[in-house]
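The structure appears below as structure tokens.
All values below come from the heavy atoms of this structure, side chains included, with hydrogens, waters and symmetry mates left out. The sequence lines fix the lettering, A, B, ..., with proteins before strands; numbering per chain opens at 1.
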There are 2 protein chains.
Amino acid sequence: MENNDFVKELGYLGFTMRLKRISDAMMHEGRRLYSDLDVDIEPNWYVIFKLLKSRGAKSVTEIAESIRMAHPSVIHITNKMMDAGYLISEKDPTDSRKRVLDLSTRAIKKLPEYEKIWDAGESGVEKALKGLDALELISTLEDKFFDKGFKERTQEQLKNKKS
Amino acid sequence: MENNDFVKELGYLGFTMRLKRISDAMMHEGRRLYSDLDVDIEPNWYVIFKLLKSRGAKSVTEIAESIRMAHPSVIHITNKMMDAGYLISEKDPTDSRKRVLDLSTRAIKKLPEYEKIWDAGESGVEKALKGLDALELISTLEDKFFDKGFKERTQEQLKNKKS
DNA sequence: TATATTTGCGTAGTTAACTACGTAAAAAGT
DNA sequence: ACTTTTTACGTAGTTAACTACGCAAATATA
């Protein structure tokens, strides 16, 4: 691997971009993996499978909150999973605005096969990151940038400089 | 901030997704920042400004390699910067396939103003991450996942499990 | 009880990266 | 010198997130 990485030279200024590059690269690898394995699922589906398996049926908004995604993203993902036959959807009997999603029997039948892949993926990541405090750092990043974001922090710095 | 984060509970399995979420969130904050400040630039442009300022004129492919992006992405970004009047583009005299990009005089005139913003952004990130080995971890992630990706690591694990 | 607000869901449009492929020029091979 | 391969760039199409907005149902308020 060459070392011509200009973004790396930029220090903290390049941090966000480097984060995105790695995230994009890993995401992309994930897609290639599924396509190589010739499996009928897509990258982010695992989190829906796991969530509904462990917590039972949930509405769209509940899912969005549980995984910290915007609800339109959840609709998009779960619609594709429904088309593939992995989810069932029912109106909530007490609140007709809500649509409650749950795993189909097909999903439950297929889960063991898919969990082997996810376990292998997890082991691979774990092996690569063991001893690096990576999960702790991610938690810190979440704490620091989910509540008071990058924007607010920059604006504070701009104000400080003026005084 | 509530602590209903299911992805966090997934350990290393949720690592990639958490990385993407933070990256997306920071990216989004960046866009909001520029829109709040009412400046005529977009998030990733800074890296092109900085690169051409420090290294001088470069071709599309050279830029792509320097910042580790696919060349169509560079074309996309630099076309917008050209439309905004920040870049000039010329054919390479010795190789007519190449298109060489450089900062315009307008860009050079505007740079000090923009660098104030970027400095503030960098300070904000630095303050949030100081003492956390964040840059070191990013470097490790790059080393581990740019060369031998997530896919290959998972496939190794799948093989191991079978034996 | 009537009105106003909040909540849940869906659609539409935006953003920013990527791969795949095509074309033309340059370089390498025979 | 001719042919093949590589390189550089551009376009088209895909993916996956987001915000903004609108509608309808439920809840709160007057």
*What are the two closest non-hydrogen atoms of B:F6 and A:V47, and how far apart are they?*
CE2-O, 3.9 Å
*Distance-minimising heavy-atom pair for A:L101 and A:R99*: CD2-NH1, 3.5 Å
*Which residue lies more 5' along DNA chain C, comparing A:N79 with A:M17 via nearest heavy atoms*: A:N79
*Heavy atoms under 4.0 Å, any strand shown: does A:R31 hit a base, just sugar-phosphate, or nothing?*
sugar-phosphate
*Classify the nucleic acid contact of A:S73 as base, sugar-phosphate or nothing, counting any heavy atom under 4.0 Å across all strands shown.*
base
*Does the side chain to side chain contact (heavy atoms under 4.5 Å, CB included) test come out yes or no for B:E126 and A:F15, once each step is laid out?*
CA-CA 9 Å; B:E126 187 171 357; A:F15 182 77; over 6 Å; no
*Go through the steps for A:R106 and A:D40 under the test salt bridge (charged side-chain N to carboxylate O under 4.0 Å, His left out), then give the verdict.*
CA-CA 12 Å; A:R106 169 168 151 77; A:D40 185 31; 3.1 Å; yes
*Run through B:Y86, B:W45, B:Y34 and flag the one making a side-chain hydrogen bond (donor to acceptor under 3.5 Å, both in side chains) with B:Y114.*
B:Y86
*5' to 3' contact window, DNA chain D with chain A (heavy-atom distance under 4.0 Å)*: D:dT15 to D:dA26
*asked:* Go nucleotide by nucleotide along DNA chain D from the 5' end; which of B:V100 and A:V74 gets its closest nucleotide reached first?
replied: B:V100
*Set of salt bridge (Lys or Arg N to Asp or Glu O under 4.0 Å) partners for B:E42, sequence neighbours left out*: B:K80
*Return the set of residues passing salt bridge (Lys or Arg N to Asp or Glu O under 4.0 Å) with B:K58 (not counting sequence neighbours), or none when no residue passes.*
none
*Between residues 51-60 of chain B and DNA chain D, which residues have a heavy-atom gap below 4.0 Å?*
B:S59, B:V60
*Mind listing the residues from residues 84-99 of chain B sitting with a heavy atom below 4.0 Å of DNA chain D? Number order is fine.*
B:R97, B:K98, B:R99
_B:D133 vs B:L137, test: side chain to side chain contact (heavy atoms under 4.5 Å, CB included). Steps then yes/no._
CA-CA 6 Å; B:D133 288 341; B:L137 181 74; 5.8 Å; no
*State which residues pass side chain to side chain contact (heavy atoms under 4.5 Å, CB included) with B:D92; sequence neighbours excluded, sorted by chain then number.*
B:T94, B:D95, B:K98, B:V100
*Could you tell me whether the side chain of B:T16 reaches within less than 4.5 Å of the side chain of B:F145, counting heavy atoms only?*
no
*Does A:S66 reach the main-chain N or O of A:E62 with its side chain, forming a donor-acceptor pair under 3.5 Å?*
yes
*Measure distances between side-chain N and O atoms of A:H71 and base N and O atoms of C:dG8, and say whether any donor-acceptor pair falls under 3.5 Å.*
no
